[in-house]
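What follows is a set of notes on a single structure, which appears directly below.
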Amino acid sequence: MLNCQLEAEPRSNRPNTSPETTSACTTPYAASSSLPASIRSGGQGLSGSASNNGGIVIDLGSLNSVTLTDPDSGLVRVGAGARWSQVASALSPHDLVISSGDHGNVGVGGLATAGGIGWLVRTYGLTIDHVRAATVVLPSGEVVRADTTEPDLFWAVRGAGSFVVTDFEIEAMRLPGTRVGQVMIEIDKEGSSLRRWSDFMADAPRELTMSGILTSSGSNLILAMTAVVAEQDPRVAAAVLAPLNEHRGT
């Protein structure tokens with residue numbers, strides 16, 4: 001669907017398949033136009049590159065299928081327009097997970113080509129660490145499979161964030177469950193509590209991932225954190241976090 005009525009807003013093209021994506025990228029209008037062009041998966045990127053002012057946006061939102069192609073190895077084919085909540089819902093019945101950003105509404109395409117620091121990053125690594133192949137539309141319009149047989153393209157597509165990718169093959173990790181908790185640490189003016197938390201994380205089990213924001217409570221500065229433990233047993237998860245309780249102000 002190409003919206004030609006808008007001037008200040010971008011023209012939108014929403015393909016449903018890889019060939020349609022190729023057509024959207026190479027149509028005479030798009031190829032000959034001097035207008036800026038953007039590729040949108042979920043539109044969550046902080047850089048704003050998923051949209052533009054007065055140009056063309058190729059929206060991959062309809063390419064949102066999630067298919068478990070090999071249950072034994074955990075290989076999953078994921079459309080670039082899927083949201084990570086869709087991926088999690090599809091994998092959960094199989095006890096499989098992919099570490100994938102910090103919110104379920106984030107689109108697959110942008111995150112899986114740019115890094116992917118998720119709530120299981122210390123256990124699983126970055127999302128791009130587990131991408132095994134990707135379907136890429138080249139500037140010429142040629143559709144190619146980027147994998148280990150195309151080492152340069154495969155290397156570039158995992159991190160550059162500027163490719164037109166229609167789907168990914170990603171290796172999921174087997175994990176029956178996780179435990180999630182909230183941790184609050186009062187921050188002193190000297191920053192010693194922050195250093196203690198940093199030291200704690202340096203030695204903490206890889207099953208623990210934490211992320212937080214600095215906020216205030218009256219005149220006190222608070223580090224409010226979410227802790228995710230890649231472990232189903234609540235007793236094991238509690239033991240992982242127990243050393244934090246030894247510090248004053250936690």
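Nothing fancy with the numbering, it's 1 onward along the sequence.
Here the shortest heavy-atom pairing between F154 and A133 reads CE1-N, 3.9 Å. For the pair R83 and G104, the tightest heavy-atom approach, listed with the atom from each and the gap, is CB-O, 3.5 Å. Nearest approach of A90 to P93, heavy atoms of both residues: O-CD, 3.5 Å. Closest heavy-atom contact between S51 and S38: O-OG, 3.3 Å. Contact detail for I98 and W84: the closest heavy-atom pair is CG2-CZ3, 4.0 Å. The two residues V131 and A112 come nearest to each other via the heavy atoms CG2-O, 4.2 Å.
Note that R196 lies outside the cation-pi zone of F200, set by a 6.0 Å cut-off to the ring centre and a 45° limit from the axis.
Remark: R40 CZ to N52 CG distance equals 9.0 Å, nearest 0.5 Å. Distance CD/E171 to CG/D129: 11.0 Å, rounded to 0.5 Å. Atom CG in D95 sits 8.0 Å away from atom CG in L175 (nearest 0.5 Å). Atoms CG and CD, on N220 and E186 in that order, are 4.5 Å from each other to the nearest 0.5 Å. Note that the CD1 atom of I187 and the OG atom of S216 stand 12.5 Å from one another [nearest 0.5 Å]. Of the inter-residue distances, the one linking N105 atom CG with Q86 atom CD reads 9.5 Å to the nearest 0.5 angstrom.
Residues Q232 and T178 have side chains that never bring a donor and an acceptor to within less than 3.5 angstrom of each other.
Judged purely by atom type and a 3.5 angstrom limit, E231 uses its side chain to pair as donor or acceptor with the backbone of D233. Within the 3.5 Å criterion, the main-chain N or O of L194 finds no donor-acceptor partner in the side chain of S198. At distances below 3.5 Å, not a single donor-acceptor pair connects side-chain atoms of R179 with backbone N or O atoms of R235. A distance-only check finds no donor-acceptor pair linking the side chain of T215 to the backbone of I222 [under 3.5 Å]. A distance-only check finds a donor-acceptor pair linking the side chain of S41 to the backbone of A80 [under 3.5 Å]. Put simply, the side chain of T123 gets close to the backbone of R206: a donor and an acceptor are under 3.5 Å apart.
Residues I58 and V164 have side chains not in contact (no heavy-atom distance under 4.5 Å, counting atoms from C-beta outward). Taking the side chain as every heavy atom from C-beta outward, V236 and V229 never approach each other to under 4.5 Å. Contact of the M210 side chain with the V183 side chain is registered, since non-hydrogen atoms from C-beta on lie closer than 4.5 Å.
The hydrophobic clustering, which links ILVMFWY residues whose side-chain heavy atoms are closer than 4.5 Å, places L126 and W155 apart. No continuous path of hydrophobic side-chain contacts links M225 to V121 [ILVMFWY only; heavy atoms under 4.5 Å]. Cluster membership check: I128 does not share its hydrophobic cluster with V108, using side-chain heavy-atom separations under 4.5 Å among Ile, Leu, Val, Met, Phe, Trp and Tyr. In the hydrophobic cluster analysis, where Ile, Leu, Val, Met, Phe, Trp and Tyr join through side-chain heavy atoms closer than 4.5 angstrom, V157 is grouped apart from I117. I170 and L75 fall into different hydrophobic clusters, where Ile, Leu, Val, Met, Phe, Trp and Tyr residues are linked whenever their side-chain heavy atoms come under 4.5 Å apart, directly or through other members.
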I would like to know whether W197 and L244 meet side chain to side chain contact (heavy atoms under 4.5 Å, CB included); could you show each step before the answer?
CA-CA 8 Å; W197 174 65; L244 280 177; 4.2 Å; yes
Walk me through whether V97 and L120 qualify under side chain to side chain contact (heavy atoms under 4.5 Å, CB included).
CA-CA 9 Å; V97 297; L120 299 171; 3.7 Å; yes
Output, in order, the C-alpha distance, side-chain angles, deciding distance and verdict of side chain to side chain contact (heavy atoms under 4.5 Å, CB included) for L63 and D167.
CA-CA 8 Å; L63 303 175; D167 62 72; over 6 Å; no
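Other residues, nucleotides and ligands contribute over 12 non-hydrogen atoms within 6.0 Å of the CG atom of L221. Atom NE2 of H94 has more than 12 heavy atoms from other residues, nucleotides or ligands within 6.0 Å. Within 6.0 Å of CZ on R132 lie more than 12 heavy atoms contributed by other residues, nucleotides or ligands.
Checked for salt-bridge contact, E169 and R145 meet the test: a charged N lies under 4.0 Å from a carboxylate O.
Under the side-chain contact (heavy atoms from CB on, under 4.5 Å) test applied with F168, the options T113, T127, T135 reduce to a single match, T113.
Residues forming a ring-ring contact (aromatic ring centres under 6.0 Å, His included) with Y124 (at least two apart in sequence, or on another chain): H130.
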